[in-house]
Structure formats: C-alpha cells, structure tokens
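Working notes, beginning with the structure itself.
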Amino acid sequence: MSPIRVGVLGAQGRMGATVVQAVEGAAGMEIAATVDAGESLSALAGAEVVVDFTHPDAVMDNLRFLVEQGIHAVVGTTGFTGERLETVREWLRSKPEVGVLIAPNFALGAVLAMRFAQQAARFYASAEIIELHHNRKADAPSGTAAHTAELIAQARREAGVQPGTDATTSEVDGARGALIEDVRVHSVRLPGLVAHEEILFGGEGETLSIRHDSLDRVSFMAGVLLGVREVRTRPGLTVGLENVLDL
Ligand SMILES: NC(=O)C1=CN([C@@H]2O[C@H](COP(=O)(O)OP(=O)(O)OC[C@H]3O[C@@H](n4cnc5c(N)ncnc54)[C@H](O)[C@@H]3O)[C@@H](O)[C@H]2O)C=CC1
Ligand SMILES: O=C(O)C1=N[C@H](C(=O)O)C[C@H](O)C1
C-alpha cells in the first residue's frame with residue numbers, strides 16, 4: 001500500500017516541527033509538504049491529509065482551503081467555538097467525502113482525564129480547573145480546559161445537578177478565574193512548563209483531583225498519527241480524539 005502523503009501546517013512551530021519528525025519516523029506515511037506563516041497553501045495540493053498546528057487566528061482560513069481542495073485535516077490548533085465548528089460543518093456539506101478531526105488535546109492521558117472528569121461531574125456540584133502551560137502560549141484558558149469545563153457543565157445538566165455555590169462577595173478582578181459555562185478555570189503561565197491540567201471536585205468532607213501532565217510534546221504524537229490514519233475513513237467533522245479511541 002502506498003504511504004499516506006501528509007502535509008504539515010505550522011511546520012516551523014513547536015508542535016509542527018515535532019509532527020514532521022513523528023511522520024518521518026512513522027510506518028506507512030511520508031511528508032508531502034510543509035508550510036509555515038507567509039508561505040502559500042498551494043504547496044499542500046499533493047497531500048492526502050494535512051495536520052494543522054498554527055494559531056487560532058489562522059486555522060479557519062487554512063481549514064476552508066483544505067476542505068475546498070478535498071484534503072482531509074487533523075487539527076490541533078485551539079480556538080474552536082461552537083460557531084466555528086458549525087462553520088466547518090457547513091463547508092463539509094459540499095464536500096461530504098472529506099474528513100476533519102479537530103481535537104483540543106491529542107495526548108492519551110489528557111483525553112482520559114477529560115473522560116474521567118465527565119464521569120465524575122454528576123457526583124460533585126463543585127468543580128474547578130487549573131491549567132498550567134509554558135509562557136509562549138497565545139491563548140488562555142487552554143482549549144483543553146475550556147473543553148473539559150464544557151463536558152463537566154454538560155454532564156451536570158444531563159444529571160440535573162446545579163453547580164455549587166461559594167461565599168465570595170469581595171473579589172480582586174480575576175482571582176476566582178474565568179467562567180466557562182458555570183465552571184471556573186484558572187490559567188498559569190510559566191517557563192519550564194509544557195501542558196498540564198488539574199480538575200478539582202469538592203464534596204462533603206472530600207475532594208477528588210484528576211491531573212494530567214504532558215512533559216514533552218512527544219506526548220501528543222501517538223494521537224496525531226492515529227488521527228492521520230483514521231481521518232481518511234471518517235468523513236465529516238469529528239471533534240475530540242475520544243471518538244477515534246472509542247472511549
Ligand atoms: N491539540 C493538541 O494536542 C495541542 C494543541 N496545541 C495548539 O497548537 C497551536 C500551536 O501551538 P505551538 O506549536 O505551541 O505554537 P507555535 O507558535 O510554536 O507554532 C505555530 C506555528 O504556526 C505558524 N503559523 C502561524 N500562522 C500560520 C499560517 N497562517 N499558516 C501556516 N503557519 C502558520 C507560526 O509561524 C508557527 O511556526 C496552538 O493553538 C496550541 O494551543 C499545542 C499542543 C498540543
Ligand atoms: O499551547 C499548548 O501548548 C497546548 N495547547 C492545547 C490547549 O490549549 O489545550 C493542548 C495542550 O494543552 C498544549
């Protein structure tokens with residue numbers, strides 16, 4: 001069988017460069033093209049699957065080009081709101097054979113942590129998230145933390161659990177974090193960190209902490225390579241690696 005021809009968008013970046021190395025070392029795939037900021041997307045025309053790790057401001061234009069060209073896409077770039085996802089679905093209506101996989105996190109442990117948090121949510125009215133990342137990260141909160149908060153809020157809604165209250169009446173701006181749906185998310189940015197998330201639940205006389213640490217960007221690569229292999233057989237939009245892992 002001929003190797004999958006993979007294009008990489010954002011190839012000069014921290015994730016893009018790691019993806020190029022991973023594809024070069026993987027069986028059954030080869031690099032077809034690499035593109036970074038200021039370079040023409042037309043270089044990707046010969047690719048079967050393109051991986052995008054660029055910037056929230058760039059990713060929608062990239063994706064529109066890929067769908068129009070009939071190229072499958074594996075997207076790790078953050079910034080996907082419900083509105084953006086609906087726009088992608090709209091583009092795919094005229095290209096039903098194209099597969100797009102968008103995942104806020106490709107690390108297996110992060111995907112499992114999100115699933116565990118989703119399972120725990122109905123048992124705890126009170127939950128907060130702390131995400132910690134390197135200080136070169138453009139967006140806050142992280143896409144993973146935002147997605148985790150949405151999953152917790154959804155699980156509570158489905159179980160009829162009202163979010164817990166706290167007694168804060170006086171607050172320095174931001175001290176209680178950002179509200180994503182009804183879940184508070186706190187963002188830490190420090191050199192030395194890679195990508196970390198802790199989901200904290202509080203109940204009667206107990207707490208539950210679920211923590212995941214990506215210590216190296218190689219942690220995302222198994223998920224990205226799985227996505228490259230699977231996206232060709234999954235037409236339409238898939239959101240979250242959990243769907244590919246059948247979790
Ligand atoms: N889903 C996941 O598992 C992960 C997602 N990410 C996300 O991936 C994105 C990139 O992260 P990093 O690699 O750390 O950032 P980075 O800043 O190191 O790399 C981004 C690269 O994209 C390039 N770029 C910007 N606009 C472009 C365009 N229009 N066309 C082509 N290239 C363009 C930049 O020049 C840069 O080389 C972020 O949104 C980040 O949150 C990061 C790690 C894991
Ligand atoms: O920018 C990063 O580094 C990461 N971005 C993603 C996010 O925002 O969730 C995934 C991971 O946390 C690393």
Side-chain angles (χ1 to χ4, degrees), residues 7-22 33-44 47 50-66 71 73-81 84 100-114 117 129-151 178 180 185-199 211-228 231 238-245:
V8 180
L9 265 164
Q12 305 289 324
R14 288 176 287 271
M15 282 299 290
T18 315
V19 171
V20 170
Q21 279 183 355
T34 61
V35 172
D36 205 272
E39 295 170 350
S40 172
L41 294 175
S42 61
L44 300 166
V50 166
V51 180
D52 184 304
F53 282 97
T54 57
H55 191 282
D57 293 345
V59 67
M60 289 301 277
D61 286 345
N62 293 343
L63 250 182
R64 185 172 49 202
F65 170 85
L66 296 173
I71 301 171
V74 172
V75 181
T77 308
T78 46
F80 279 90
T81 57
R84 281 187 167 202
V100 173
L101 167 64
I102 298 173
N105 202 308
F106 280 96
L108 174 63
V111 178
L112 287 171
M114 283 188 268
I129 298 172
I130 305 170
E131 56 92 345
L132 309 92
H133 281 80
H134 58 96
N135 62 333
R136 310 283 295 277
K137 183 164 176 57
D139 53 321
S142 70
T144 308
H147 192 58
T148 310
E150 284 159 6
L151 292 174
I180 303 285
V185 182
H186 311 265
S187 297
V188 177
R189 296 291 176 266
L190 288 174
L193 294 173
V194 179
H196 317 260
E197 181 182 43
E198 189 157 359
I199 307 132
R211 180 168 175 122
H212 175 256
D213 296 276
S214 272
L215 306 172
D216 189 297
R217 288 181 181 81
V218 76
S219 62
F220 304 109
M221 293 305 118
V224 171
L225 296 180
L226 178 67
V228 168
V231 72
T238 304
V239 181
L241 192 67
E242 60 273 23
N243 298 297
V244 179
L245 294 168

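Both counts, for ligands and for their atoms, begin at 1 and track the order of listing. We count residues from 1, following the sequence as given.
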Under 4.0 Å from a heavy atom of Lys137: which atoms of ligand 1 are those, numbered in the order shown and with their elements?
41 (O)

Contact table ligand 2 N or O to protein N or O, d under 3.5 Å:
from, atom 1, to, atom 2, distance (Å)
ligand 2, 1 (O), Lys137, NZ, 2.9
ligand 2, 3 (O), His134, NE2, 2.9
ligand 2, 5 (N), Lys137, NZ, 3.1
ligand 2, 8 (O), Lys137, NZ, 2.7
ligand 2, 8 (O), Gly143, N, 2.8
ligand 2, 9 (O), Gly143, N, 3.2
ligand 2, 9 (O), Thr144, N, 2.7
ligand 2, 9 (O), Thr144, OG1, 2.5
ligand 2, 12 (O), His133, NE2, 2.6

Give a yes or no on whether the backbone of Leu9 and the side-chain of Thr54 come within a donor-acceptor separation of less than 3.5 Å.
no

For Thr77, atoms of ligand 1 separated by under 4.0 Å from a heavy atom:
8 (O), 39 (O)

Proximal candidate to atom 10 (C) of ligand 1 [heavy atom criterion; set Val59, Val74, Thr54]
Thr54

Please list, in number order, the atoms of ligand 1 under 4.0 Å from a heavy atom of Met15.
13 (O), 42 (C), 43 (C), 44 (C)

For Gly76, the ligand 1 atoms whose distance to one of its heavy atoms is below 4.0 Å:
1 (N), 2 (C), 4 (C), 5 (C), 6 (N), 7 (C), 8 (O)

Short N/O distance, under 3.5 Å, between Pro56 and ligand 1?
no

Polar side-chain atom of Thr144 near backbone of Pro104 as donor-acceptor pair, under 3.5 Å
yes

Report yes or no: does a heavy atom of Ala103 sit under 4.0 Å from some atom of ligand 1?
yes

Could you say whether the N/O atoms of Leu9 and ligand 1 ever approach to under 3.5 Å?
no

So the atoms of ligand 1 within less than 4.0 Å of a heavy atom of Gln12 turn out to be 37 (O)

Nearest protein heavy atom with distance in Å, relative to atom 16 (P) of ligand 1
Arg14 NH2, 3.6 Å

So the atoms of ligand 1 within less than 4.0 Å of a heavy atom of Asn105 turn out to be 1 (N), 2 (C), 3 (O)

Please determine if Asp36 has a nitrogen or oxygen closer than 3.5 Å to a nitrogen or oxygen of ligand 1.
yes

Just distances here: any N/O of Ala107 and N/O of ligand 1 closer than 3.5 Å?
no

Of Gly16, Ala58, Gly38, which has the heavy atom at the shortest distance from atom 28 (C) of ligand 1?
Ala58

Considering both backbone and side-chain atoms of Phe220, is one of its nitrogen or oxygen atoms within less than 3.5 Å of a nitrogen or oxygen in ligand 1?
no

Gln12 side chain to Asp36 backbone, donor-acceptor under 3.5 Å:
no

